[in-house]
Amino acid sequence: MNQTANIRNMIMFITPLLIIATMIISVSYGTKEIGLETIWQALLHFDQSNADHQIIRTSRIPRAIAVLVVGAFLAVAGAIMQGITRNYLASPSLMGVNDGSAFVITLALVMAPGLANYEMMILSIIGSALGAGLVFGFGAAIKNGLSPVRLAIIGTVIGTFLSSVASAVAMYFQVSQTVAAWYNTKIHTVDTGMLLLSVPFGLVGILIALICARAITVASLGEDIAVGLGQKTKLIRYLSMFSVVLLTGTAVALVGKIAFVGLVIPHIVRFLVGVDYRSIIPCSLLVGAFFLSLCDLVSRFINYPFETPIGVVTAFIGIPFFLYLIRSRGGDRHA
Amino acid sequence: MPKPKRNRFVFTVIVTFTIIFIGFYLHVTNGMFDMSVVEVIKTLFGLVDNEKFRLVIFELRLPRIMIAILVGIGLALAGCVLQGITKNDLADPGILGINAGAGAAVVFFLFFFQFQAVRTDGSEWLNIMMMPIFGLIGGTIAAAIIFVLSYKHGRLDVQRLLLTGIAINSGFGALSLYLSLKMNEKDFESAALWQAGAIYNANWIFIVSMLPWIIILGIYIYRKSYLLDYFQLEDNTIVSLGIHLEKEKILLLLASVGLVSACVSVSGSIGFIGLMAPHIARQLVGIKHRFVVPVSALIGAALLVFSDFIGKTLFAPSELAVGIVVSIIGIPYFLYLLVKAR
Amino acid sequence: MLTAFRMEELTAGYERNIIFENLNASIEYGRITTIIGPNGCGKSTLLKTMGRILKKEKGHVFLQEQDMQALSTKEIAKRLAILSQSPSAPPQLTVGELISYGRYPHRKNVNRLSKQDREMIDWAMEVTQTTEFEARELAQLSGGQRQRVWLAMALAQKTEILLLDEPTTYLDMAHQIEVLKIVKKLNEEHGCTIVMVLHDINQASRFSDTIIAMRSGKVLATGTPREIMTAPVLKDVFQITATIIEDEDIPVCVSYDVLPQE
């Protein structure tokens with residue numbers, strides 16, 4: 001007990017430092033190298049005529065913050081999903097959330113091009129809710145539907161359905177590549193306005209997650225035990241799903257589809273700090289933020305000067321981990 | 001053999017044949033320009049001397065329908081086998097990773113050779129078979145990776161197979177994405193089209209190259225269909241009956257890898273036929289695989305012929321990839337079946 | 001003594017988790033032998049290894065003095081049938097169909113039952129009193145009926161040796177005895193060698209010729225019910241103080257308590 005608490009405190013202490021370090025690297029390096037002093041200046045004494053200040057304020061800092069926030073959102077969303085469904089594979093990308101959002105966004109790009117950012121944000125959240133709602137709805141309506149393997153398959157099936165409809169529409173209107181680009185290169189286009197917009201949604205999501213943390217720990221023991229302990233299991237389910245939808249919807253709207261963060265981070269955190277979600281959720285938040293910042297750095301510099309989509313980087317880090325999970329836990333007995 | 005079941009089987013076979021025939025009729029008479037039945041029949045038997053009709057029927061429509069039928073049969077059979085050996089009625093040949101691996105290989109190919117994947121002259125065998133061959137290689141690599149990773153302690157764990165499939169699929173998906181975003185627009189479109197599953201560029205070479213696979217492996221699976229009945233029992237029970245479980249499982253799996261590779265290499269990634277056809281077949285003729293296997297094959301063919309017809313005509317003159325049509329039609333029905341089976 | 005099984009330095013387990021090591025034991029032909037022991041002692045593992053459902057790690061199992069390693073799985077299936085604990089099958093399967101699966105090792109044409117197959121299936125249904133269910137689906141049967149159907153499937157295999165892994169779990173008391181009586185009849189009237197794992201020591205005592213008592217992967221004692229059902233043996237095996245009385249010549253454990261704390 002004491003040891004996990006120590007580890008938790010260590011994570012709480014060290015990760016912010018690591019995050020700051022990553023952010024500094026992220027902001028100062030790029031096509032143009034910018035010194036620390038200039039960054040400082042740009043923050044405190046912003047000079048509109050200074051090109052460096054412009055780059056920092058309008059492009060690099062928003063981007064660095066965006067990946068930070070998105071990493072945190074996705075990791076927390078993943079942690080909640082895994083806790084509530086007691087499914088070690090649960091995560092936003094496997095559960096149709098991303099595809100749902102992409103589906104609605106595609107429709108929006110075709111039917112009402114030129115929507116304002118906040119409208120896209122809300123649509124993306126609605127889309128995430130649609131995807132998650134469909135997957136979990138069917139999971140609950142189908143026999144054994146919430147078991148890891150079945151839910152993963154249902155998630156894939158519904159994800160495929162939504163993306164098929166989306167690509168039929170996109171193909172018909174010949175906007176396939178626009179849509180693909182919108183989703184995979186979004187990270188460049190993040191601006192301060194978008195970021196500010198995501199704050200209220202994200203905050204509500206995180207707050208719910210933190211408030212529900214204890215209840216999620218109880219829920220992760222199983223429905224029978226949770227009911228036995230007097231938990232309003234339905235309420236907790238709805239609340240935490242609401243939080244997941246807010247968090248992932250905002251994340252997708254900010255930077256597009258990013259897989260595996262929500263799957264991998266909670267596992268690593270749980271391995272380190274144990275099974276109490278009051279530790280898991282805040283730690284996932286920090287570790288997720290750090291992880292995605294790091295991936296962003298990798299994506300920018302691994303194939304310099306070309307950028308690699310960040311989702312590709314997380315996939316290549318996440319997949320070996322996923323395979324490891326399957327190999328160590330994915331046998332018949334855990335199905 | 002109880003009589004009613006056999007009668008039901010015969011009835012179902014007749015009905016599905018009729019449906020395939022209707023699909024054939026619609027497909028062959030509709031298109032860029034419509035033809036009457038008489039014209040079609042005359043052209044088929046060489047009774048009419050219209051070069052345009054001949055070209056449309058023999059070079060465009062007929063090969064396309066044939067491919068649809070063959071791919072439908074292949075994927076449905078592979079689906080039957082996979083659902084049988086994984087004891088998971090949600091398994092789809094897509095989990096073998098062949099689709100995703102083949103997709104990545106084709107994207108890779110397009111990316112490095114900037115090949116005009118749209119119709120070539122049709123004269124050169126190599127030109128036509130280039131994409132299928134790349135697809136085949138990529139698919140086989142993916143299948144091999146999944147196979148190796150699911151094999152542990154001397155046995156093939158089927159749950160692990162399903163999950164590893166999902167993982168490897170997203171890995172190859174990420175790879176394809178990475179490459180395709182760097183492509184020029186034209187190659188991107190053809191890669192996207194190929195990945196979505198398209199059979200509009202069918203030709204006789206494709207048919208000749210995949211026919212032997214379908215026939216040989218199809219017969220093999222039909223002959224082994226009784227085993228799939230036994231596979232509905234638990235592994236312990238199967239072994240105790242003296243069935244060489246691991247050997248049979250791996251042979252059947254290899255047969256489906258062969259079928260799916262053959263299909264995917266010519267048609268691109270078409271999902272859900274292999275998932276749905278066996279489901280529908282079981283609803284119609286029960287759980288005995290001597291009936292389920294052939295009926296699934298026919299249903300797979302019927303589904304694909306119809307889906308391709310819809311893909312061809314719905315947004316005409318633009319084509320909608322058949323894989324997308326299959327998903328859009330098939331998934332809601334599939335989910336309905338799942339919910340009903342509760 | 002004619003042996004049905006002889007285990008020599010046998011080691012087995014699941015993946016890396018070894019359940020028993022270098023185990024030696026033998027099981028007599030033509031008798032009913034029951035393996036008892038506390039949970040996790042390796043009794044089911046031993047049975048499964050004997051039935052080659054579980055691969056052994058090291059050592060040998062001799063089936064009627066022939067090394068099982070040298071026999072093909074089909075060959076083994078003609079000589080022994082093993083019924084695992086609470087097996088399952090698709091609920092739509094008919095009883096007749098399931099029982100006919102037991103004929104697999106003997107069938108030449110997999111799609112048609114021979115006259116002999118038919119006879120064996122009828123016999124198996126008769127012995128287990130399941131003839132009337134033949135056309136029904138498994139879903140329509142009660143737990144006891146279903147267990148008898150599974151037993152019939154194993155019988156249809158027509159083997160001299162039958163291995164049963166806790167054949168009475170999840171059954172009502174009356175159905176438990178029903179199943180065990182069928183087992184007894186098989187042994188007495190048809191000369192079947194029976195090896196089973198039972199949870200209930202009183203059932204083991206009443207229905208076995210020999211009892212093998214295991215604890216922590218070791219065979220602690222082998223003997224007749226009268227030799228095993230004694231306070232000292234049960235103390236060693238289950239860590240209990242037992243009171244044993246005899247009822248119609250069968251030793252019965254009437255009450256027990258945990259060992260006093262030291």
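Naming: A, B, ... by sequence-line order, numbering from 1 per chain. These figures come from a predicted structure and were not determined experimentally.
For B:Leu233, the parts lying under 4.5 angstrom from a heavy atom of chain C are both the backbone and the side chain. Only the side chain of C:Gln157 comes within less than 4.5 Å of a heavy atom of chain B; its backbone N, CA, C and O stay farther away. Residue C:Arg107 touches chain B through its side chain alone, counting heavy-atom pairs closer than 4.5 Å. Residue C:Leu93 touches chain B through both its backbone and its side chain, counting heavy-atom pairs closer than 4.5 Å. Heavy atoms of C:Ser88 lying under 4.5 Å from chain B belong to its backbone as well as its side chain. Neither the backbone nor the side chain of B:Ile238 comes within contact range of chain C; no heavy atoms are under 4.5 Å apart. Contacts between C:Arg103 and chain B at a heavy-atom distance below 4.5 Å are absent for every atom of the residue. With a 4.5 angstrom heavy-atom cutoff, C:Ile82 touches chain B via backbone and side-chain atoms both.
No donor-acceptor distance shorter than 3.5 angstrom exists from the side chain of C:Glu97 to the backbone of B:Lys288, with no hydrogens or angles considered.
To the nearest 0.5 Å, atom NZ of residue C:Lys74 and atom CG of residue B:Leu241 are 11.0 Å apart. Note that the CG atom of B:Leu245 and the CD1 atom of C:Ile53 stand 10.5 Å from one another [nearest 0.5 Å]. Here the NZ atom belonging to C:Lys55 is positioned 6.5 Å from the CD atom belonging to B:Glu246, to the nearest 0.5 angstrom.
Ring geometry for B:Tyr230 against C:Tyr101 counts as tilted: the plane angle lies between 30° and 60°, on a 0 to 90° scale.
Nearest heavy atoms, B:Ser240 versus C:Ala77: O-CB, 3.7 Å.
In the displayed structure, C:Lys185 atom NZ is contacted under 6.0 Å by more than 12 heavy atoms of other residues, nucleotides or ligands. Within a 6.0 Å sphere centred on CZ of B:Phe11, heavy atoms belonging to other residues, nucleotides or ligands number 12 at most. Residue-environment remark: CD (C:Gln116) stays at or below the threshold of 12 foreign heavy atoms within 6.0 Å. Other residues, nucleotides and ligands contribute only 12 or fewer heavy atoms inside 6.0 Å of the CZ atom of B:Arg223.
Chain C forms the most heavy-atom pairs under 4.5 Å with one residue out of B:Asn236, B:Thr237, B:Asp229, and that residue is B:Asn236. When B:His244, B:Gln232, B:Glu234 are compared by the number of non-hydrogen pairs under 4.5 Å with chain C, B:Glu234 comes out ahead. In terms of non-hydrogen atom pairs under 4.5 Å with chain B, the most contact-rich of C:Glu75, C:Arg52, C:Gln92, C:Lys48 is C:Arg52.
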